Protein chains: 2
Amino acid sequence: MDPHLLRTYVTVARLASFSEAARALGYTQSAVSQHIAALETDLGLPLLTRRPVAPTPAGERLLEHAGALLLRLDAARADLDRFAAAPRATLRVAASPLALHARTLAALPATGVTLRGLPPEQVPVAVVTGEADAGLVDGIAAPSDPLPPPDVAPLAATGVAEEPLAVLLPAGHPLAGRAGLRLDDLADARWLDAPDAGIPLDRLRAVHGGPAGGGFRTALRYEGTDTRTLLALAVAGHGLTLLPSPLAASVPGAVAVPLVAPRLVHRTELLLPPGVPAEPTGPVAEFTRRLRG
Amino acid sequence: MDPHLLRTYVTVARLASFSEAARALGYTQSAVSQHIAALETDLGLPLLTRRPVAPTPAGERLLEHAGALLLRLDAARADLDRFAAAPRATLRVAASPLALHARTLAALPATGVTLRGLPPEQVPVAVVTGEADAGLVDGIAAPSDPLPPPDVAPLAATGVAEEPLAVLLPAGHPLAGRAGLRLDDLADARWLDAPDAGIPLDRLRAVHGGPAGGGFRTALRYEGTDTRTLLALAVAGHGLTLLPSPLAASVPGAVAVPLVAPRLVHRTELLLPPGVPAEPTGPVAEFTRRLRG
DNA sequence: CGAATTTACGCACGGCGTAATGATC
DNA sequence: GATCATTACGCCGTGCGTAAATTCG
């Protein structure tokens with residue numbers, strides 16, 4: 001279970017080919033073959049079928065473990081590297097689309113910022129691997145409740161903003177006249193699922209906690225990270241979506257109806273690598289101070 | 001960052017000696033020295049001071065990462081091993097002291113059981129590393145809320161019992177006459193902290209959520225796992241402790257006063273390795289069926 | 001001076017590449 | 001028959017142990 005072998009294994013599984021993986025990793029086919037053989041011998045199980053190359057059930061399991069392991073390994077290295085590294089002059093922020101709004105944008109220093117837009121689930125990864133100095137993620141939760149922490153390596157999360165939620169309806173929608181909506185009333189409706197741009201339906205089902213996570217069927221799934229597209233899809237009637245009220249209210253051609261029950265908010269959190277709690281100066285410190293202050 | 005090196009590193013740190021670690025691992029002192037040197041060179045940081053041997057700040061950090069990494073590595077191996085292993089005839093259960101009560105004991109098969117008593121925090125580890133086939137942990141939570149999942153590798157948790165909570169007071173205690181107590185009223189009292197036998201005070205502070213986790217000062221800390229000792233300490237007036245009501249009510253020489261606010265229960269959960277969801281037969285299946293059914 | 005870590009050095013094994021073999025569509 | 005994975009085999013480098021040197025209490 002050498003990490004090198006695991007890395008080779010996940011690459012082979014991802015590319016579904018020994019030769020491709022060899023090229024990607026800078027090995028020969030032979031070496032890759034030996035890696036896989038070593039793993040299979042060690043574990044006493046076949047991990048991949050050949051022709052076509054695909055993970056066996058046991059291989060699927062190993063994939064989950066290997067992914068988490070390699071990520072944690074990178075995280076550890078990044079964390080230790082921070083100890084030695086000189087404080088950097090530039091601030092690299094990873095942020096999910098809806099985590100960027102007036103409050104957070106205002107806190108960005110005027111200069112020397114690299115802002116990388118990522119799907120929400122990738123933001124913690126970027127912070128933990130040291131690709132970003134800070135992260136901004138959004139999600140839904142009960143008021144003043146934290147978002148569910150990602151199960152990647154430890155991260156310090158601080159809430160920096162909470163806004164009410166609203167359902168975005170195309171003008172003329174039967175429910176568009178309502179003063180407020182309850183989530184229960186919408187469980188049977190058709191929804192947009194935009195896990196990378198908006199709020200994943202899974203999260204909705206989780207907080208709804210209804211009958212074994214049922215309901216909230218997907219009308220259309222959008223896999224990009226462009227919020228404007230998401231809004232346009234909602235306006236065009238491709239499905240419902242939940243948004244922070246201020247944003248929802250600003251969409252022309254649509255009506256934003258407040259969500260009144262259950263009591264949920266759109267929450268934005270600042271993610272920082274743990275430890276080194278208060279480096280006194282530098283762009284990271286300035287950014288966090290302006291967000292928290 | 002080879003796992004072998006990490007394993008050597010944590011051993012050296014734990015034993016505070018290169019030579020001891022070498023003996024423990026079956027290496028020579030020389031090899032251990034080379035391992036540590038390799039790690040320090042790789043990371044570009046000193047990890048240990050010599051004479052005395054103790055982790056530097058960076059080394060402390062690496063210890064946290066390394067522990068989690070090595071645990072996940074063992075977990076992955078154990079998980080994959082389960083795929084190949086024949087279903088076992090004997091059931092090995094790891095349980096925290098307060099997780100063992102009428103309900104859970106009744107579910108144990110009449111024969112072929114190995115029951116290992118462990119501190120609550122060790123139970124998930126035992127399950128995840130395959131040292132136990134199932135785990136029983138206890139803790140406090142809001143009614144029908146799950147316990148906070150341990151951040152070790154994935155585990156399937158099912159609630160199997162919830163009981164009301166009571167404060168155990170020595171007979172003659174000023175509050176012993178009360179019909180019910182509120183946690184707020186007790187935040188300034190002196191408590192027993194028995195994280196391995198009872199409910200850790202940290203958890204109490206966490207669910208209380210009061211002013212930055214203050215209050216609940218420790219009068220006496222008991223580090224064993226013997227519940228009888230914990231009860232005796234409470235009876236002898238060494239501090240307050242929170243217990244499941246049925247247990248608290250059965251203690252001679254003490255009074256059990258129900259906890260009325262906040263609404264909390266003592267919850268017991270069954271922990272199982274994930275995946276292989278429903279193996280149809282065998283002692284594990286029987287045990288889980290009797291617990292859930 | 002003694003205990004314990006570091007460095008020097010040699011050898012053995014592991015792991016990669018080249019090249020030949022084998023399997024599968 | 002072509003493509004792709006496996007096996008055979010030789011070489012290089014890593015990593016261990018033995019043993020000498022060094023450091024620190």
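Since we're looking at a predicted model, the values are computed, not measured.
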**OP:** Starting from P on dC16(D), measure out to NE2 on H4(B) and report it in whole angstrom.
**Re:** 9 Å

Subject >> Strand-adjacent residues in residues 18-38 of chain A, judged by heavy atoms under 4.0 Å from DNA chain D >> reply: F18(A), S19(A), Q29(A), S30(A), S33(A)

Original post:
Is it true that R205(A) and D202(A) make a salt bridge, defined as a side-chain N closer than 4.0 Å to a carboxylate O?
Top reply: yes

Subject >> Aromatic ring proximity H238(B)/Y222(B), centre distance under 6.0 Å >> reply: no

Subject >> Distance in angstrom units between L15(A) CG and dT3(D) P, rounded >> reply: 19 Å

Original post:
Can a salt bridge be assigned to the pair R289(B) and E286(B) using a cut-off of 4.0 Å between side-chain N and carboxylate O?
Top reply: no

Subject >> Shortest non-hydrogen contact from V127(A) toward R82(A) >> reply: O-NH1, 4.0 Å

Original post:
Is it true that the side chains of D138(B) and S96(B) contain a donor and an acceptor less than 3.5 Å apart?
Top reply: yes

